[in-house]
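Atom set for the values below is all heavy atoms of this structure, side chains included, hydrogens, waters and symmetry mates excluded. Predicted model only: the values in this text are computed from it and were never measured. Counting from 1, the numbers follow the sequence of the chain as shown.
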Amino acid sequence: MGGKAQYSPPVPPLAPAKFTGAVYLAYGGKPLPECVDYATSVQKAAAPYVQSVAPHGAGGTAGMLGFMFWAAERPATRGIGTVPPNTCEGGAGAGATALAVPVPMPALRQG
């Protein structure tokens, strides 16, 4: 997130606290581990990085804003939905519990 000074115009650095990592919950006709199995999910594997990435040229606090989940509900007419029986309680829900995400969430960080 250190920017691209060599570009024209230059791209300034972005504070990690202003950046969100995107994760898909379902693809095609099946839910992904991110939806159904937190233990084997991308969010579990990436959580240490997301929580601790250091600022590089912008911002003053370590850690990204967090995860953003895509393809919830029904991403396409031929895809599956994330409503029963394909809920994401075992993936994104278990991740929220494991990572101690407060519900309801407080205001986002500003630094």
Visitor: Which pairs with one or both residues in residues 29-40 pass side-chain hydrogen bond (donor to acceptor under 3.5 Å, both in side chains), sequence neighbours excluded?
Guide: D37-T40
Visitor: Can you list the steps and then say if L99 with K44 is a side chain to side chain contact (heavy atoms under 4.5 Å, CB included)?
Guide: CA-CA 9 Å; L99 298 172; K44 181 175 182 191; over 6 Å; no
Visitor: Where do P55 and T61 come nearest, in terms of heavy atoms and distance?
Guide: CG-O, 3.3 Å
Visitor: Considering all heavy atoms of both residues, which atom of G57 and which atom of P13 are nearest to each other, and what is their separation?
Guide: O-CG, 3.4 Å
Visitor: Output all residues satisfying side-chain contact (heavy atoms from CB on, under 4.5 Å) with A46, sequence neighbours left out; order by chain, then residue number.
Guide: V50, F67
Visitor: Between P12 and P10, which heavy-atom pair has the shortest distance, and what is it?
Guide: CD-O, 3.6 Å
Visitor: So which heavy atom on P102 is nearest to which on P106, and how close?
Guide: CG-CD, 3.5 Å
Visitor: Going through the checks in order, is the side chain to side chain contact (heavy atoms under 4.5 Å, CB included) test met by F19 and L14?
Guide: CA-CA 7 Å; F19 187 75; L14 179 67; 3.6 Å; yes
Visitor: Which value, rounded to the nearest 0.5 Å, describes the distance between T20 atom OG1 and F69 atom CZ?
Guide: 11.0 Å
Visitor: With heavy-atom distances below 4.5 Å as the criterion, would you say the side chains of Y24 and L32 are in contact?
Guide: yes
Visitor: To the nearest 0.5 Å, tell me how far K18 NZ sits from M64 CE.
Guide: 14.0 Å
Visitor: Could you tell me which non-hydrogen atom of A62 sits nearest to which non-hydrogen atom of S52, and how far apart they are?
Guide: CB-O, 3.7 Å
Visitor: Which heavy atom of P48 sits nearest a heavy atom of A45, and at what distance?
Guide: CD-O, 3.6 Å
Visitor: Just grab all the side-chain hydrogen bond (donor to acceptor under 3.5 Å, both in side chains) pairs involving residues 96-105, residues at least two apart or on different chains.
Guide: none
